[in-house]
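Step one of this worksheet: look at the structure below.
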Amino acid sequence: MKRTGFTTTSLNVPYPKSDPHKALQMPLYEAVAFEFDSAEQIEANFKGEYIAHVYSRTSSPTVEYFELKLKALTGSNGVIAVSSGMAAISNTILALTKAGDNIISGSRLFGHTYALFHQTLPEFGLDCRFSTLRDETEIEALIDKNTRAIYFETVTNPQLEIADIEMLARIAQRHHILLIADSTVTPPNVFRAADFGINIEVISTTKHISGGATSFGGAIIDHGNFEWKLNPNLANYIEKFGKNALIAKIRKNIYRNTGGSMSPQTARFMSQGLDMLELRVEKCYNNCLALGNYLRSEPKVKAVGYPGLEGDPGYEASEKYFGGVPGTILSFDLESKEACYRFMNQLKVVRRATNLSDNKTLIIHPHSTIYAEFSNEERAAANIRDTMMRLSVGIENVEDLIDDIKQALEV
Ligand SMILES: *Cc1c(COP(=O)(O)O)cnc(C)c1O
């Protein structure tokens, strides 16, 4: 059967139970606990024989509906919604590993992911091995019998470099290890991760999916294309749950016991965000192209980074993996840090803030903020220049953004 388009699918995912009022919005169930008809029914529930919501830290109807929507939209095996992007990442790694294991990760990472891998998890005996992920033999040299996953971000930020996903999938398959992508920057309407050999996606739904910085959330997406027998840490779950072993371990152990659940109110924002995702991303993308082309024409602008622009080093990879829509962040350079600050302070429409994928266009100087704790050598190694700014492009009318940038460049 022909698959319906992204937005049509999102708007028509059936509710887990039919609504008595036939409401056209999934009602918001802001309840902590759910009642049973009899003592026997509760017993059956606790034995796993009668499935129902019990207590909202573990599952609840409005959150379940968001999970079902994301599952339908990604054609995946299972989805778990959690309280933040960091909760998605930490829950996934905790479920897959134990002390003595290791993972291999790209070295250019979202800052708190880097801190999780570099500081927090090593204290529990997990070895995180960093790599540029550019060289096949270098990556293979890091793999041993305790390697449980290769982890990377689809587009690094603010460098806007696109991973060689085909190569990573080849290595992961050859060594029978899991491939995990943080695909936050390239949401599921532009990137179909399973088509490129990715097994698990982790997403900060705080970004594109929340519908414009409405609330915090995260999602873990299991594409159902990994043989869980290859991971000894899932042995206890395979017999009973089969291909749902990872989802079951996260739900019945890690996520439940560490308490990182998404709130029902947030899930409602997220579901609505999915309905409008395609519309919003298209608008942001068109704004990115227009701004990128305009910035390229300004003599004061020394460099523009956006893999959606022809001539950008990431252009071909963006076409191959993301249908030409490599997220909605761009970067550009002025002649000096002072020129950047002067420019930023003059902006009236563009806001100075550190989020991504808001409806508003946001600007930041990464060298002095996100990378403030890094040494100059570390910043140079990460290609973070003090002449560079990052623009997360929103849905404003693009003429107003261009006028704003133009007047600020004149000062
Ligand atoms: C924001 C972000 C995260 C963390 O998500 P939170 O929702 O802030 O916890 C992880 N990865 C990437 C790529 C991000 O942009």
Side-chain angles (χ1 to χ4, degrees), residues 63 66 70 79-94 103 105-121 128 130 133 149 151-163 165 180-188 190-191 193 198 200-221 255 258-263 265-267 269-270 273-274 277 280-281 284 307 314 321-322 326-331 353-360 362-364 366 369-371 382 384 390-394:
V63 177
F66 169 58
L70 200 47
V79 172
I80 297 185
V82 290
S83 57
S84 68
M86 290 318 302
I89 297 165
S90 56
N91 273 267
T92 302
I93 303 297
L94 288 174
I103 61 167
S105 168
S107 44
R108 292 188 180 170
L109 289 174
F110 178 73
H112 296 164
T113 307
Y114 182 78
L116 175 73
F117 291 177
H118 193 71
Q119 296 163 7
T120 315
L121 293 176
C128 297
F130 294 99
L133 299 185
Y151 183 99
F152 74 102
E153 296 181 2
T154 52
V155 182
T156 67
N157 141 40
Q159 302 90 355
L160 305 179
E161 290 167 357
I162 299 175
I165 303 175
I180 308 173
D182 177 337
S183 57
T184 300
V185 170
T186 51
V190 299
F191 180 52
I198 288 159
I200 302 290
E201 275 179 278
V202 288
I203 300 183
S204 167
T205 65
T206 313
K207 311 292 166 55
H208 286 292
I209 291 177
S210 77
T214 60
S215 48
F216 260 95
I220 302 161
I221 301 175
Y255 155 82
T258 56
S261 47
M262 177 178 276
S263 80
Q265 176 73 46
T266 293
F269 278 126
M270 296 295 172
L274 284 177
L277 183 68
R280 293 177 54 258
V281 170
C284 295
Y321 298 129
F322 316 123
T328 57
I329 306 166
L330 59 81
S331 70
T354 181
N355 195 13
L356 297 175
S357 321
D358 197 318
N359 287 330
K360 302 176 180 77
L362 309 178
I363 195 161
I364 195 156
T369 55
I370 302 164
Y371 287 85
I384 304 299
R390 178 186 86 184
L391 204 60
S392 168
V393 177

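Every number for a ligand or one of its atoms is a count from 1 in the order of the listing. Numbers here are sequence positions counted from 1.
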If you look at each N/O of ligand 1, which protein N/O atoms lie under 3.5 Å away, and at what distance?
| unit_1 | atom_1 | unit_2 | atom_2 | d |
| --- | --- | --- | --- | --- |
| ligand 1 | 5 (O) | S204 | OG | 3.0 |
| ligand 1 | 7 (O) | G85 | N | 2.9 |
| ligand 1 | 7 (O) | S204 | OG | 2.8 |
| ligand 1 | 7 (O) | T206 | OG1 | 2.6 |
| ligand 1 | 9 (O) | G85 | N | 3.1 |
| ligand 1 | 9 (O) | M86 | N | 2.9 |
| ligand 1 | 11 (N) | D182 | OD2 | 2.6 |
| ligand 1 | 15 (O) | K207 | NZ | 2.7 |

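Using modelled atom types, one side-chain atom of T205 and one backbone atom of G217 make a donor-acceptor pair closer than 3.5 Å. Put simply, the side chain of T156 gets close to the backbone of E161: a donor and an acceptor are under 3.5 Å apart. The backbone N or O of S357 sits less than 3.5 Å from a side-chain atom of S392, completing a donor-acceptor pair.
With sequence neighbours excluded, the residues satisfying side-chain hydrogen bond (donor to acceptor under 3.5 Å, both in side chains) with N157 are R390. The ring-ring contact (aromatic ring centres under 6.0 Å, His included) test applied to Y321 returns F196, not counting sequence neighbours. Residues forming a side-chain hydrogen bond (donor to acceptor under 3.5 Å, both in side chains) with S83 (at least two apart in sequence, or on another chain): none.
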